[in-house]
Amino acid sequence: MSKPRIQIKITVGHNPDGTPIRKGFYGRTKKEANAKAQEYIINNSFGPVDKTITLAEWAEKWLEVYKHGNVSELTYQNSYLAPVRNQIVPHFKNARLADIKQIDIRNFFNENAHYSKSSLNKMKITLNALFEAAIDNDLIVKNPVKNVSIQSKAEAKEKRVYTKEQVERVIEFAKGHRHGAPIIVLLKAGLRRSELLALRWSDIDLSNNLLSVNMSVAETKYGTTIGPPKTKASIADIPFDNELKRLFASLPRSISGYVFPNTKDKLQSPSTWFNRTYRPFMADMHKANPDIPILSTHELRHTFGSLVYEATKDIYITSKLMRHSDINVTAKIYVHESMDAKREAIMRLEV
């Protein structure tokens, strides 16, 4: 039985009513079908509809139409807007979309190799998506991002965490500090900063010791906004201990309903909270405990995950409490192979 042929279709023009004219090309493989399509384009002088639009112009239009309002504000800001504004547009400047070739994309990633693999992935995902959308809109005929590999030259940063004893000391110090309450919540619930500031009193169930994470705060050009958290997996109920229950019970209820509002009893921006609350607390804590380092809010969340896994050795529970969308992410962060662990596993097999 012969192997079925692969078909790809491209837009080769438009009808008077504006509907696209599509033409199919066949091959034994997708590469062969693509080659036939490219040959047709060359032979028929078919090219981009708009050869003048720049990558910068298209990127802004793509952000507004395809991403803004279609993903959470936090994802929009960090995963799409930031790569476009901070790396992509500054690099390509006024380069026309149709003129950008694979070698130019390769050069872009070479020049940005000092960024982490995670940051480079965000850039690649963004570039690939905006070029794919350009193809769908008949602006170009080929995606130059395809088959481009990325490699980071950045040294992997060591993930720092507090030990259980350090956490106990930080919490004890926080109990007597004017900014200590949110720090205790971060350490005991593993929240992201954006989730902490979105907490409302209606999210706290003191009868059942449950904290509901369902919203997230983000800073935009329009101001501080609130919306769904990072991913669907981020939405969850988190149990908390009696120490955290006593803390919540002791805090004053705000008129706005937010657990940690700003001084005007309104939604607090992450940057303002960091500068006015987190940074002063950490400076005071470190001054009183010089042997305890100052960690970032993300490292406090990482501390929570590490202590959960250390106490349970249950990667499933750890993943659920960290609210990761993929358990493999949790395993990669918290499960570390060791020769002792391997020996212990073999000894258990011994009869």
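In this structure, H177 and H179 have tilted ring planes: the angle between them lies in the 30° to 60° band.
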For this session: Tell me, with the steps shown, if R85 and E60 meet salt bridge (charged side-chain N to carboxylate O under 4.0 Å, His left out).
Result: CA-CA 9 Å; R85 296 274 176 85; E60 288 299 321; 2.9 Å; yes

Problem set entry | Residues H324, T330; criterion side chain to side chain donor-acceptor pair (under 3.5 Å); working and verdict | CA-CA 7 Å; H324 288 151; T330 317; 2.7 Å; yes

For this session: Please lay out, stage by stage, how N128 and N143 fare under the test side chain to side chain donor-acceptor pair (under 3.5 Å).
Result: CA-CA 7 Å; N128 185 70; N143 184 349; 2.9 Å; yes

Problem set entry | CA sep, side-chain torsions, deciding dist, call: E32, Y26, side chain to side chain donor-acceptor pair (under 3.5 Å) | CA-CA 8 Å; E32 183 178 306; Y26 295 85; over 6 Å; no

For this session: Begin from the C-alpha positions of S119 and S116 and carry the test side chain to side chain donor-acceptor pair (under 3.5 Å) through to its verdict.
Result: CA-CA 5 Å; S119 295; S116 68; 3.1 Å; yes

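A 4.5 Å side-chain heavy-atom check between L300 and M282 finds at least one atom pair inside the cut-off. Using a 4.5 Å heavy-atom cutoff, the side chains of Y309 and D314 are not in contact.
A salt bridge does not link E57 with R96: none of the charged nitrogens is closer than 4.0 Å to a carboxylate oxygen. Comment: R192 engages E195 in a salt bridge, judged by a side-chain N to carboxylate O separation of less than 4.0 angstrom. In summary, D284 and R178 engage in a salt bridge, as defined by a charged side-chain N under 4.0 Å from a carboxylate O. For K175 and E243, the salt-bridge test passes: some basic side-chain N is under 4.0 Å from an acidic carboxylate O. Salt-bridge check for E165 with R169: passed, with a basic side-chain N closer than 4.0 Å to an acidic carboxylate O.
Listed by chain and residue number, A56, V84 satisfy the side-chain contact (heavy atoms from CB on, under 4.5 Å) test with V89 (two or more places apart in sequence, or in another chain).
When ring centroids are compared, F240 and F248 come within the 6.0 Å threshold. Here W273 and F260 keep their ring centres 6.0 angstrom or further from each other.
K67 forms a cation-pi arrangement with Y80, by the criterion of a distance under 6.0 Å to the ring centre and an angle within 45° of the ring axis. At least one cation-pi condition fails for K164 and Y162: the charged atom is not both under 6.0 angstrom from the six-membered ring centre and inside a 45 degree cone around its axis.
A donor atom on one side chain and an acceptor atom on the other are found under 3.5 Å apart for S256 and D265.
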